[in-house]
Each structure stands twice: as structure tokens, then as C-alpha cells.
Protein chains: 2
Amino acid sequence: MLKEKASIIPHECGDCPIRHRAVCARCESDELALLDQIKYYRSYESGQTLIWSGDPMDFVGSVVSGIATLTQTMEDGRTQMVGLLLPSDFVGRPGRSSAAYDVVAVTDMVMCCFRKKPFEEMMVRTPHIAQRLLEMTLDELDAAREWMLVLGRKTAREKIASLMAIIARRDATLNMNGTRGPLVFDLPLTREAMADYLGLTLETVSRQVSALKKDGVIELEGKRRVTVPDFNRLLEEAGDDSDGGMLI
Amino acid sequence: MLKEKASIIPHECGDCPIRHRAVCARCESDELALLDQIKYYRSYESGQTLIWSGDPMDFVGSVVSGIATLTQTMEDGRTQMVGLLLPSDFVGRPGRSSAAYDVVAVTDMVMCCFRKKPFEEMMVRTPHIAQRLLEMTLDELDAAREWMLVLGRKTAREKIASLMAIIARRDATLNMNGTRGPLVFDLPLTREAMADYLGLTLETVSRQVSALKKDGVIELEGKRRVTVPDFNRLLEEAGDDSDGGMLI
DNA sequence: CGCCAGATTGACGTCCTTCAACAATCGTGG
DNA sequence: CCACGATTGTTGAAGGACGTCAATCTGGCG
């Protein structure tokens, strides 16, 4: 892929693509104006580490475009992904001075950053920001707990199906696809990153992806483009209740 | 154990044992007075299910005393514990009408409950509550992510050691023990509950507990009382960096 | 005492990892 | 253009960690 330097990104908050989902979602226009004064954009290239675990964090921010991973590493090198950061997701923790996890870009990214101090001061004064951040944090906690079930109790095949279901579902909401007909999406993750997410080895991931393909649960174009002909079938394979398979 | 009916529990917020750690921790006395008007106490017996996943939730609240578990169950019966609720922990999610997990008492418990509607209204008007809830939720998210590493990447032996370390550490902070000398605590969980927490079978839990005992990492009095002669040794067995083993 | 839930221990099977070789894809440079 | 090296992915064989099934033990309580 040809990597052009990302041009300056002069977003007005008004037409920001994540305006209605990010931490600023509930802000009134006067509050937005205040945020505007302390915000700045940064772009990162695929593969770049935005933040190293343990390092001081002088900013927080929102993912505007692109995807990043949140990972934890043991001394002997074993790693576990503990979060997948998508557009509108929040990075960093107000009130904490150093980062708890590595944050790594898996695609080229743009972030909307706020210096931590001013942001924290603003949080105290504008409840709309704190309210939205609470809501988002509760959602993340639910997602983390759902993932605990996947990690603790599901088989390798079910883990792969679960991951596909999550990505498919998210892709459908982002792109406002209808709930009918086959779903098509690109895997944003390498086999190794999938393994780190699922608590497996990359070989097992590869084998189980091939198995799901052989059994017609998914179809592959190249290594990354996935088609799901029957979403409920995928949910069954994930061990999920397919009654709730309403997408969204 | 003889089960006496818990007597009525007429706490004044002022001398509530969780006053300084619960969701009300930052409230001023006038705010506390408001909370006082909408609060009520409930007690539960060991083994009782406080909340069934999917059921409507008309209250939220804080654990005053005792311990409960948060669990998720698949259709075929596999279960995964996704949280351990200790005194001062918050139960329920403002803004959500039905429960996402089963909540089960593992000891006799007392809860300080708030009807959901009034509590939600109060959250909007008193930022101190929302601030504290955000802080607590962020802590829970960190705990959940730490547990994802345990579930995804640690061996059975490391999982047991990790659980012991967490319980020992928490016990030390609750009881204000010094950081030196052997730690002694009671396991609040059965082998089966430990298995559900760790993503193992109860047989594997039993075997690994025995192995840690045989290797002198822990000592047992009966099935539940545990002594940890060397906490750093335990952290090593958990695969954790023992440099950070400062307790707390 | 005898029952029962919780816990331990053993034998055996299997799912996943480990180690290894190899294939596909892509970008780079001669 | 094609060779090449690097990266990513696939596939096979063998071993091990954990699960499953089952027998036995322990302690508490009627």
C-alpha cells in the first residue's frame, strides 16, 4: 500500500464523523467550543505503538478513524489483547498518570486528542462529558465481561465464530447495512492478532478459520475478506443464543 | 452454620462501614441526606440468587457486607464468573432496565439499595455520585481486563496462584494488615466457584491447589483457611512481576 | 449413625499447543 | 521483468495440559 503522509485534518466538530458517538456526544455547542480549544489531531501509521504500558500519559482522546488494539504482556512474552479500539472509542483514563496497556495501531489512524489536565478540569465543570464517559465505560465493561466468557469457556472454534460475529455486527452498524442477506467485511486483524485476542495460538486460529470455511459457515476471498451467508448459523457456531440475533 | 434471621439493620450513613469507599463516598452531608431518603436495606442468605439475568431491575445498590458473584451462563450450562462483588461494590447499571448477569450471594449479605428511578434522577443532579461511579467503573474495567489475561494466557497453576494473590491482597487491604509476615485468609469460594472464576473444572482446581500446597507455596488448615508464607513467591507462581508486589 | 454436599484422587481421552516445514503474498531492487 | 527476502498464513506430526468420568474420602448436620 502506498503510504501518503496524511494531510492536515482540519475537522470542525460539527461535521466530525464520530460527533454523535464519542465522548463529546452529549455536549451542547458552547461546550463543544470549549473542547475545540483544547483538542488537537494526531495521525499514526499502521503498526505504530501509540502508547507504551507504564509510560506517562499526558493526553486522552478519541479514535476518529482507524483501529487500534489494547494489549497486556507478561514478562515471558505471552500477550493478551484486552480491547479493540474503533472509531469513537475513548483512549486513556482521566485521573491516572501512566498507561496501563500498550496501544498499537493496526491500521493507519487519526486521533482527536485532549491534553489530560485541561480535559480533567473540564470534566468537573461539564457533566455532559462525564455522563457520556460513564456510559461508554459501562459499555466497555459489558464488552469485557462478555469476552471473559469467550476466553474462559468457549472452544477454539466457538472463539473464532464469536470474533467473526462481533466484527460482522459492528461492521453492519457502522455501515448501516440491512440485517438481511449475506454480510461481507474485511478482517482488520492478522491471524496473530486474532490469536492474541482469543487466547489461542496463531496455528489454531488458522486451522479453525479453515474449518469454518470448509463447513460453509464463512467464505473467504483472499485471507482477509469474509462473507457470512447465514448470520444465525454463525451465532450458533459461536455458542450464542441465536434468538437474539437481531443485529444491533 | 446456624442461620439467625438478620436483625433489622438501622445504619446511619455516618457510621456505615462502606461510607468512604462506596458510590456515596464523595457525597457531602446534604447529598447524603437525600440518598438517605431513597435508600433501604435488604439482607440475603448464602446461596440465594439476588438477581436473575434478563429480569427487570428496579433497583441498584451497594454491597454493605458479604460477598456475591456475577456470572454468565451459556445455553448448554457452561458458566463463567465475570465479577466478584465485595463490600462497597456497586450492583446494577443506571440506564439499563434489565439485568445482564446472575448475581448470587456466596455468603450471607446485606445490601444498601436505591430504587432505580430516583437514583437516576439524583445522579443527574449530584455530580459527586456520577463522578464516584465513573471512578469505580473504571476500576472494575481494569480488573476485568487483568482477568482477561488470566483467562486467556495463564496455566491452571498460574490461575490458582493469581486468584490466591487477589484474595490475599484484598484481604490485607480490608483488614489493614501489615505487608510483612505470613498472610492468612479464608477462601470465600467453593472449588466449583473457583473453577467458574478461572475457566477451569473443579477437579483441575483441586489438583492445582494440592500441588501449590505440596510445593509449599500455600498452607491449608481445613479446606478453606489459607496461609501464604511468602507473598512474592506466590506472585512468581502467578506469573506476575514480583517487583510490584508492594501489597495494595 | 448415616446421609449429603464438597473435595480429592486416579485413569484415560482429547483439544490445543509446540515444533517444523512449506506456501502465498507483497514490496524492493537489480 | 523476475529474483529475492520478509512477512503472513497453512498444514502436518507429536506431545502435553486440561477435561471427563468415576470411585473414594471428608466433614457437617439431621
Side-chain angles (χ1 to χ4, degrees), chain A residues 1-4 45-47 69 74 76-80 104 106-107 150-163 186-214 218 220-226 237 239, chain B residues 1-4 45-47 69 74 76-80 104 106-107 150-163 186-214 218 220-226 237 239:
Chain A
M1 185 203 319
L2 187 61
K3 283 186 186 164
E4 285 181 33
E45 291 185 3
S46 172
T69 62
M74 295 171 65
D76 61 7
R78 282 176 281 178
T79 73
Q80 175 65 51
V104 181
V106 296
T107 67
V150 173
L151 289 173
R153 290 302 185 192
K154 292 196 178 180
T155 65
R157 184 184 175 96
E158 289 170 332
K159 285 180 176 182
I160 300 290
S162 298
L163 180 59
D186 280 317
L187 281 177
L189 303 174
T190 65
R191 297 291 185 263
E192 186 180 19
M194 291 170 68
D196 283 344
Y197 204 173
L198 296 165
L200 297 170
T201 60
L202 65 90
E203 294 94 330
T204 299
V205 170
S206 184
R207 274 184 255 270
Q208 296 298 337
V209 169
S210 298
L212 288 177
K213 177 182 168 188
K214 184 169 69 64
I218 58 173
L220 289 178
E221 267 179 72
K223 308 297 182 189
R224 296 297 192 90
R225 187 158 212 87
V226 179
E237 292 287 353
Chain B
M1 185 200 320
L2 188 61
K3 280 182 186 167
E4 287 181 32
E45 291 185 4
S46 172
T69 61
M74 295 171 66
D76 60 7
R78 282 177 280 178
T79 73
Q80 175 65 50
V104 181
V106 297
T107 67
V150 173
L151 290 173
R153 291 302 185 192
K154 291 196 176 179
T155 65
R157 184 184 176 96
E158 288 170 333
K159 286 180 176 181
I160 299 290
S162 298
L163 180 59
D186 281 317
L187 282 178
L189 304 175
T190 65
R191 298 290 185 264
E192 185 180 21
M194 292 171 67
D196 282 344
Y197 204 175
L198 297 165
L200 297 170
T201 59
L202 65 91
E203 293 94 332
T204 300
V205 169
S206 184
R207 274 185 254 270
Q208 296 299 336
V209 170
S210 298
L212 287 176
K213 176 183 170 188
K214 185 170 67 65
I218 59 173
L220 289 179
E221 266 179 74
K223 309 296 183 189
R224 296 296 192 87
R225 186 158 213 88
V226 179
E237 293 286 353

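The sequence lines fix the lettering, A, B, ..., with proteins before strands; numbering per chain opens at 1.
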K.L.:
Out of D/dT11, D/dC18, C/dA7, which nucleotide sits closest to the side chain of B/T204?
P.N.:
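Nucleotide nearest to B/T204's side chain: D/dC18.
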K.L.:
Which part of the nucleic acid, if any, lies within contact of B/G47, taking any heavy atom under 4.0 Å across all strands shown: a base, the sugar-phosphate backbone alone, or nothing?
P.N.:
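The answer is nothing, as B/G47 stays clear of every strand by at least 4.0 Å.
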K.L.:
Please say which of B/L187, B/V226, B/I160 ends up in a side chain to side chain contact (heavy atoms under 4.5 Å, CB included) with B/V209.
P.N.:
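Testing B/V209 for a side chain to side chain contact (heavy atoms under 4.5 Å, CB included) against B/L187, B/V226, B/I160 leaves exactly one candidate, B/I160.
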K.L.:
Roughly, in whole Å, what's the span from CZ in B/R225 to C1' in D/dG27?
P.N.:
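B/R225 atom CZ is separated from D/dG27 atom C1' by 17 Å.
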K.L.:
Using atom CD of A/Q208 as one end and atom P of D/dT11 as the other, report the distance to the nearest whole Å.
P.N.:
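After rounding, the gap between these two atoms is 12 Å.
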K.L.:
Do other residues, nucleotides or ligands put more than 12 heavy atoms under 6.0 Å from the CD atom of A/E203?
P.N.:
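Above 12, so yes.
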K.L.:
Which part of the nucleic acid, if any, lies within contact of B/T190, taking any heavy atom under 4.0 Å across all strands shown: a base, the sugar-phosphate backbone alone, or nothing?
P.N.:
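Counting heavy atoms under 4.0 Å across all strands, the contact made by B/T190 is with sugar-phosphate only.
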K.L.:
Of the candidate nucleotides D/dT10, D/dC18, C/dC16, which contains the atom at the shortest distance from the side chain of A/S206?
P.N.:
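So the side chain of A/S206 is nearest to D/dT10.
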K.L.:
Minimum heavy-atom separation for A/L202 to A/A195, with atom names?
P.N.:
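Between these two residues, the closest heavy atoms are N-CB, 3.6 Å.
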K.L.:
Please report the distance, rounded to the nearest Å, between CG in B/L187 and P in C/dT8.
P.N.:
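The answer, rounded to whole Å, is 10 Å.
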K.L.:
Let me know the distance between CG of A/L220 and P of C/dA24, rounded to the nearest Å.
P.N.:
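Checked: the CG to P distance equals 15 Å.
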K.L.:
Of the nucleotides D/dG9, D/dT11, C/dC16, which one has an atom closest to the side chain of A/K223?
P.N.:
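Nucleotide nearest to A/K223's side chain: D/dG9.
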K.L.:
5'-most contact on DNA chain C: A/G222 or A/G199, nearest heavy atom basis?
P.N.:
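On the 5' side of the pair lies A/G199.
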K.L.:
Could you work out which one of C/dT17, D/dT10, D/dT20 sits closest to the side chain of B/T201?
P.N.:
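Minimum distance to the B/T201 side chain belongs to D/dT20.
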K.L.:
Quick one: B/R78 CZ to D/dT20 C1', roughly how many Å, whole number?
P.N.:
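In whole Å, D/dT20 C1' and B/R78 CZ are 14 Å from each other.
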K.L.:
Can you name the closest pair of heavy atoms from A/Y197 and A/L163 and give their distance?
P.N.:
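Closest approach of A/Y197 to A/L163, heavy atoms only: CD1-CD1, 3.7 Å.
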K.L.:
Between C/dG6 atom P and B/L202 atom CG, what is the distance in whole Å?
P.N.:
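Taking atom P of C/dG6 as the reference, CG of B/L202 is at 10 Å.
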K.L.:
Is any side-chain N or O of A/R191 under 3.5 Å from a base N or O of C/dT25, one able to act as donor and the other as acceptor?
P.N.:
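Checked by distance alone, the answer is no.
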K.L.:
Between the base of C/dC16 and the side chain of A/E203, is one N or O donor paired with an acceptor at under 3.5 angstrom?
P.N.:
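There is none.
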K.L.:
Using whole Å, what does the distance between atom P of nucleotide C/dT8 and atom CG of B/L212 come to?
P.N.:
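From B/L212 CG to C/dT8 P: 12 Å.
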K.L.:
Grab the CD-P distance between A/E158 and C/dC16 for me, whole Å please.
P.N.:
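Roughly 9 Å, once rounded to whole Å.
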K.L.:
With heavy atoms under 4.0 Å as the rule, sort B/R224 into base, sugar-phosphate or nothing.
P.N.:
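Counting heavy atoms under 4.0 Å across all strands, the contact made by B/R224 is with sugar-phosphate only.
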K.L.:
Atom CD1 of A/I218 and atom CZ of A/R225: how far apart are they, to the nearest 0.5 Å?
P.N.:
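Here the interatomic distance stands at 13.5 Å.
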K.L.:
Is A/R207 side chain donor-acceptor paired with the D/dG9 base, going by distance under 3.5 Å alone?
P.N.:
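No, no donor-acceptor pair under 3.5 Å.
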K.L.:
Can you work out whether A/V209 or A/R153 has the more 5'-proximal nearest nucleotide on DNA chain D?
P.N.:
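Result: A/V209.
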